[in-house]
**Q** 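If you scroll down you'll find the structure; I have some questions about it.
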Amino acid sequence: DLGAGPMPALESAAASIRREIVADGDPALLALADAARAHGVACVVGDRRVSVGLGRGSDRWFDDDLPAPDAVDWASIHDVPVILVTGTNGKSTTVRLLAAMARAAGKVVGLSSSDWVRVGDEILDRGDFSGPGGARLVLRDRQVELAVLELARGGILRRGLPLARADAAIVTNVAADHLGEYGILDLDGVADAKLVVAKALHGGPLILNADDPRLVERAAGSGAPVAWFTMAPAHGIRDGAALEQGWLVLRRDGSSTPIVPAAEVRIGMEGAARHNLANALAAIAGAVTLRLPATAMAEALRRFGAEEADNPGRGLLREIGGVKVLVDFAHNPHGVAAIAQWVSAAMPAGRRLVLLGQAGDRTDAEIRALAAAVWAMRPERIIVKEMESYLRGRGPGEVPALLRDELGRLGAPVGTVASAESETDAVRDAFAWAQPGDLLVLLSHAARARTLAFLDRLGEQQWQPGRPLPAS
């Protein structure tokens with residue numbers, strides 16, 4: 001029992017399914033969808049609207065006022081390039097890197113992600129839009145020349161893919177997270193769920209992580225041509241991207257074209273943040289399928305991350321009063337392990353503190369594995385936070401108790417592990433503890449906006465360790 005809450009009422013769920021079946025059988029909708037198919041363009045259904053074509057080439061109507069196919073100006077309808085990005089970790093960063101590359105090439109990009117939907121420089125809506133709803137907002141915007149869509153596993157399993165055809169799809173990696181939900185019980189199930197994106201490819205490449213054995217194992221059965229990205233030398237990879245002799249290179253027909261030195265990839269932190277170099281390689285492999293020039297790829301990789309707004313909550317580094325602060329969204333063992341590697345490689349500190357919490361919809365084993373990933377950093381202090389808005393069926397204090405128990409079992413000395421009733425309290429406790437030269441690793445989730453606002457106030461007040469903290 002994962003404590004995921006009560007099951008929905010059967011009759012209510014059945015009624016909802018019946019309504020969807022009736023809607024999908026509407027003769028006007030079927031006729032319009034058939035006509036779109038005959039003209040070789042997308043038909044996107046959802047949110048009480050139907051659209052044909054994509055982005056700049058789209059038109060749309062309310063689903064109760066659909067035109068006859070011969071009333072549509074098909075000469076003005078066309079699709080725009082679309083790339084889908086999924087995986088356990090790195091999705092948002094990869095999507096944003098791809099968008100930055102496209103913008104550097106002069107394109108108006110539509111982007112949906114776990115933080116927002118953005119078209120060009122305008123954010124249309126904020127929140128988790130890593131599902132079909134966010135994708136539809138992008139695909140129906142007539143400014144969009146190219147679309148980059150983040151797809152989380154939950155959205156795929158609940159609502160399917162946002163469209164039937166895409167130009168390419170990326171799977172960044174496969175790792176344990178959300179096990180037990182929607183019948184996905186193990187890593188093989190996670191891999192199979194992520195690879196559903198291959199069903200949208202009709203000649204376009206499926207771009208896979210060559211360093212992930214489950215993806216390598218399933219590549220041949222994907223039904224799509226495969227390109228690769230890898231942090232190892234390219235070996236036999238004909239198409240994709242690789243790290244070779246300190247350079248991020250593009251692989252085409254077995255030959256390598258240098259794109260940028262790894263040390264110049266801004267979010268790679270001079271090569272220390274290897275997970276971000278992998279994300280950059282995934283973006284390069286995707287960008288070539290969108291016919292973006294190598295110069296735009298290099299420009300974006302050198303510049304992306306210069307502003308905190310480029311990639312909020314991912315690898316954000318500040319120094320306040322001589323205390324180094326790293327804020328990151330890492331929320332599963334695989335993601336925290338990447339942060340631990342980066343911290344160990346490039347962030348010497350007098351002492352280290354980690355802020356730790358987890359949502360209640362993870363299994364006990366996943367929660368304990370997260371504690372182990374944090375303990376690998378050997379921090380002098382760990383503050384375990386309650387995540388009240390993420391209880392997800394568990395009782396208050398239950399997840400923190402599991403985390404504390406596992407840290408104790410792993411050998412964390414008495415007094416190393418503290419508790420806080422909220423992330424806000426935990427962040428305040430972290431700065432109250434801090435001294436110049438310390439590193440605070442703040443794994444921030446639901447309260448990230450408040451955490452960043454608190455850091456802003458500390459910076460504005462030129463706070464120094466030992467001084468009173470500003471009000472929350």
Side-chain angles (χ1 to χ4, degrees), residues 89-90 92-94 96-97 100 172-173 175 209 211 229-233 242-248 259-284 298 300-308 310-356 370 372-382 430-431 433-444 448 451-452 455 459 465:
N89 292 310
S92 295
T93 299
T94 301
R96 293 166 184 168
L97 280 170
T172 58
N173 48 58
N209 185 344
D211 304 326
F229 65 96
T230 177
M231 289 288 289
L243 179 63
E244 292 183 350
Q245 298 180 340
W247 281 75
L248 275 61
I259 300 298
V260 66
E264 295 181 14
V265 177
R266 184 178 291 270
I267 62 169
M269 302 297 174
E270 299 182 341
R274 290 180 61 81
H275 61 294
N276 274 338
L277 292 182
N279 294 332
L281 290 168
I284 289 171
L301 291 171
R302 288 187 173 103
R303 293 176 56 183
F304 182 83
E307 304 291 335
E308 288 185 2
D310 289 343
N311 202 24
R314 275 76 175 174
L316 186 155
L317 271 172
R318 294 190 188 181
E319 185 166 324
I320 302 172
V323 178
K324 296 177 185 176
V325 184
L326 169 62
V327 182
D328 198 90
F329 185 68
H331 59 281
N332 55 49
H334 182 267
V336 171
I339 295 299
Q341 180 274 323
W342 177 19
V343 164
S344 299
M347 296 187 198
R351 300 179 303 171
R352 292 173 179 162
L353 176 149
V354 181
L355 173 56
L356 172 62
L370 185 69
V374 164
W375 184 239
M377 288 185 251
R378 291 297 187 269
E380 280 73 21
R381 192 161 184 81
I382 301 169
F431 279 95
W433 175 85
Q435 300 173 359
D438 288 348
L439 169 65
L440 309 182
V441 180
L442 307 181
L443 302 180
S444 181
R448 189 175 70 211
T451 295
L452 295 180
L455 299 187

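We count residues from 1, following the sequence as given. Heavy-atom basis, side chains included; hydrogens, waters and symmetry copies ignored.
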**Q** What's the shortest heavy-atom distance between P465 and G321, and which atoms?
**A** CD-O, 3.1 Å
**Q** Please check if the side chain of E319 supplies one atom and the backbone of K324 the other of a donor-acceptor pair under 3.5 Å.
**A** no
**Q** Do H275 and I339 come close enough that some side-chain heavy atom pair is under 4.5 Å?
**A** yes
**Q** Decide yes or no for R351 and Q435: does some side-chain heavy atom of the first lie under 4.5 Å from some side-chain heavy atom of the second?
**A** yes
**Q** Can you give me the closest heavy-atom contact between P333 and L370, atom names plus distance?
**A** CG-N, 3.7 Å
**Q** List the steps and the verdict of side-chain contact (heavy atoms from CB on, under 4.5 Å) for L316 and L442.
**A** CA-CA 10 Å; L316 186 155; L442 307 181; over 6 Å; no
**Q** With side-chain contact (heavy atoms from CB on, under 4.5 Å) as the test, would you mind laying out the steps for M347 and V441 before giving the verdict?
**A** CA-CA 11 Å; M347 296 187 198; V441 180; over 6 Å; no
**Q** Examine distances only and state if a side-chain atom of R266 and a backbone atom of R302 form a donor-acceptor pair shorter than 3.5 Å.
**A** yes
**Q** Between A100 and F304, what is the shortest heavy-atom contact and its length?
**A** CB-CD1, 3.9 Å
**Q** Are any of the side-chain heavy atoms of L301 and L97 separated by less than 4.5 Å?
**A** yes
**Q** Can you give me the closest heavy-atom contact between V374 and P379, atom names plus distance?
**A** O-CD, 3.7 Å
**Q** Closer than 3.5 angstrom, by distance alone: can the side chain of R378 be matched with the main-chain N or O of W375 as a donor-acceptor pair?
**A** yes
**Q** Listing request: all salt bridge (Lys or Arg N to Asp or Glu O under 4.0 Å) pairs with a residue in residues 328-337, at least two apart in sequence or in separate chains.
**A** none
**Q** Check for a donor-acceptor pair, side chain of T172 on one end and backbone N or O of N89 on the other, with a separation under 3.5 Å.
**A** yes
**Q** Heavy-atom distance under 4.5 Å between the side chains of V354 and L443, does that happen here?
**A** yes
**Q** Where do I267 and R314 land on the side-chain contact (heavy atoms from CB on, under 4.5 Å) test, with the steps shown first?
**A** CA-CA 9 Å; I267 62 169; R314 275 76 175 174; over 6 Å; no
**Q** If I take atom CG from residue L455 and atom CD from residue E308, how far apart are they, to the nearest 0.5 angstrom?
**A** 8.5 Å
**Q** Closest heavy-atom contact between D310 and R303?
**A** OD2-O, 4.0 Å
**Q** Any heavy-atom pair between the side chains of V327 and R318 that's under 4.5 Å?
**A** no
**Q** Are the side chains of N276 and M269 in touch, meaning some heavy atoms are under 4.5 Å apart?
**A** no
**Q** Can you tell me how far CG of L439 sits from CG of L353, rounded to the nearest 0.5 angstrom?
**A** 8.5 Å
**Q** Output the distance between atom OG1 (T93) and atom CZ (F329), rounded to the nearest 0.5 Å.
**A** 11.0 Å
**Q** To check you understand the geometry: which heavy-atom pair defines the closest contact between A232 and A242, and what is its length?
**A** O-CB, 4.1 Å
**Q** So do the side chains of L326 and L440 get within less than 4.5 Å of each other, counting heavy atoms only?
**A** no
**Q** Looking at side-chain heavy atoms only, is the closest gap between E270 and P261 below 4.5 Å?
**A** no
**Q** Of T94, V265, I284, N311, which is the lone residue that meets side-chain contact (heavy atoms from CB on, under 4.5 Å) with N279?
**A** T94
**Q** OG1/T230 to CG/L243 distance, rounded to the nearest 0.5 angstrom?
**A** 8.5 Å
**Q** Would you sort out whether L277 and M231 count as a side-chain contact (heavy atoms from CB on, under 4.5 Å), showing the intermediate values?
**A** CA-CA 8 Å; L277 292 182; M231 289 288 289; 3.8 Å; yes
